[in-house]
Amino acid sequence: YYWMGYLQLNVNTYNAYYWFLQCYNLEPTYIENLLDMLKILFDDEDYISIQKINDCNNNILYTSPDIRVKVFTAAYEAKMKRFSNAVELYKKIIHNKNIELEHDLGIICYSNIGIISNDLGNVYEAVKYLECATDMIYKTKIQQLIDIKPNFVYSNLFLTYNYTYQDVG
């Protein structure tokens, strides 16, 4: 079921969601399926369903060790206007020594902290984190930048006003 949903993901998100839901009914904690299904709900602003999925799976958004789930959860917190929770989650990701922070995830974390800080009126903190994000871009090797979708890098730095979640897995 997951692969049927995955194949439909860029063609018809509603068909993809149908297949992801079938997979979820069989194995609710299959992380690849869960992330893709949550992303569709996130994009459709169906936060009630996201909360129900979290509640039915022992608070998985907050207990999963998967870094992609952590990034998703921080974006979800921002969408729910729980900005201090979102910033705290992003900072935990950045400062967790057990997680090898990939460049693209670091860029997302730093840029989203910067944008949230700006929205809250913390201009100096916003500049600090947005500079960290741009520094990560400049330090990234050319091949890694080629591998990262260019619209992903720039959309996360400059158009993340709605706290975009981007699955990079």
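Start at 1 with the first residue, then count along the sequence. As the structure is a computational prediction, the values presented were derived from the model and not from experiment. Below, all heavy atoms of this structure are taken into account, side chains as well, without hydrogens, waters or symmetry copies.
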> Atom CG in Asn15, atom CZ in Phe20: separation rounded to 0.5 Å?
Replying inline: 11.0 Å
> Once you round to the nearest 0.5 Å, how far does CG of Asp43 lie from CG of Asp46?
Replying inline: 11.5 Å
> How close do Leu34 and Pro28 get, heavy atom to heavy atom, and via which atoms?
Replying inline: CD1-O, 3.8 Å
>> So Ile53 and Leu41, do their side chains get closer than 4.5 Å, heavy atoms only?
In response: yes
> Less than 4.5 Å apart, any side-chain heavy atom of Ile93 and any of Val71?
Replying inline: yes
> Distance-only, no hydrogens or angles: does the Asn12 side chain make a donor-acceptor pair with backbone N or O of Gln8 under 3.5 Å?
Replying inline: no
> Between atom OH of Tyr110 and atom NZ of Lys128, what is the distance when rounded to the nearest 0.5 Å?
Replying inline: 9.0 Å
> Is Glu32 salt-bridged to Arg68, cutoff N-O under 4.0 Å?
Replying inline: yes
> Would you say Ile48 has more than 12 foreign heavy atoms packed within less than 6.0 Å of its CD1?
Replying inline: no
> Shortest non-hydrogen contact from Leu89 to Glu77?
Replying inline: CD1-CG, 3.7 Å
> Mind checking what makes salt bridge (Lys or Arg N to Asp or Glu O under 4.0 Å) contact with Lys91, not counting sequence neighbours?
Replying inline: Glu125
> Is the Trp19 ring parallel, tilted or perpendicular to the Tyr1 ring (thresholds 30°, 60°)?
Replying inline: parallel
> When you measure from the side chain of Asn59 to the backbone N and O of Tyr62, does any donor-acceptor pair fall under 3.5 Å?
Replying inline: no
>> Given the ring of Phe42, does Lys79 sit roughly above its face, with NZ or CZ under 6.0 Å from the centre of the six-membered ring and within 45° of the axis?
In response: yes
> Judged by modelled atom types alone, do Asn122 and Tyr129 share a side-chain donor-acceptor pair under 3.5 Å?
Replying inline: no
> Any chain of hydrophobic side-chain contacts (each under 4.5 Å) joining Leu35 to Leu21?
Replying inline: yes
> Shared ILVMFWY cluster between Trp3 and Met37, side chains joined below 4.5 angstrom?
Replying inline: yes
>> Apply side chain to side chain contact (heavy atoms under 4.5 Å, CB included) to residues Leu9 and Ile40 and explain how you reach the verdict.
In response: CA-CA 9 Å; Leu9 197 53; Ile40 291 171; 3.8 Å; yes
>> For Asp36 versus Tyr6, what's the shortest heavy-atom pair and its separation?
In response: OD2-CD1, 4.0 Å
>> Working note: Leu38 + Tyr24, criterion side chain to side chain contact (heavy atoms under 4.5 Å, CB included); need CA distance, chi angles, decisive distance, verdict.
In response: CA-CA 11 Å; Leu38 289 171; Tyr24 175 78; over 6 Å; no
>> Any heavy-atom pair between the side chains of Ile113 and Ile94 that's under 4.5 Å?
In response: yes
> Heavy-atom distance under 4.5 Å between the side chains of Ser64 and Phe72, does that happen here?
Replying inline: no
>> Testing the basics here: between Ile60 and Asn54, what is the closest heavy-atom pair and its distance to 0.1 Å?
In response: N-OD1, 3.0 Å
>> Do Thr63 and Val69 have side chains that approach each other closer than 4.5 Å (heavy atoms only, starting at C-beta)?
In response: no
> Which heavy atom in Leu61 sits nearest to a heavy atom in Thr73, and how many Å separate them?
Replying inline: O-OG1, 2.8 Å
> Would Tyr76 and Gln51 count as having a side-chain donor-acceptor pair, cut-off 3.5 Å?
Replying inline: yes
> For the hydrophobic clusters of this structure (ILVMFWY residues joined by side-chain heavy atoms under 4.5 Å, transitively), does one cluster hold both Met4 and Leu26?
Replying inline: yes
> Do you know the tightest heavy-atom contact between Gly114 and Leu130?
Replying inline: CA-CG, 4.0 Å
> Atom CD in Gln22, atom OH in Tyr17: separation rounded to 0.5 Å?
Replying inline: 10.0 Å
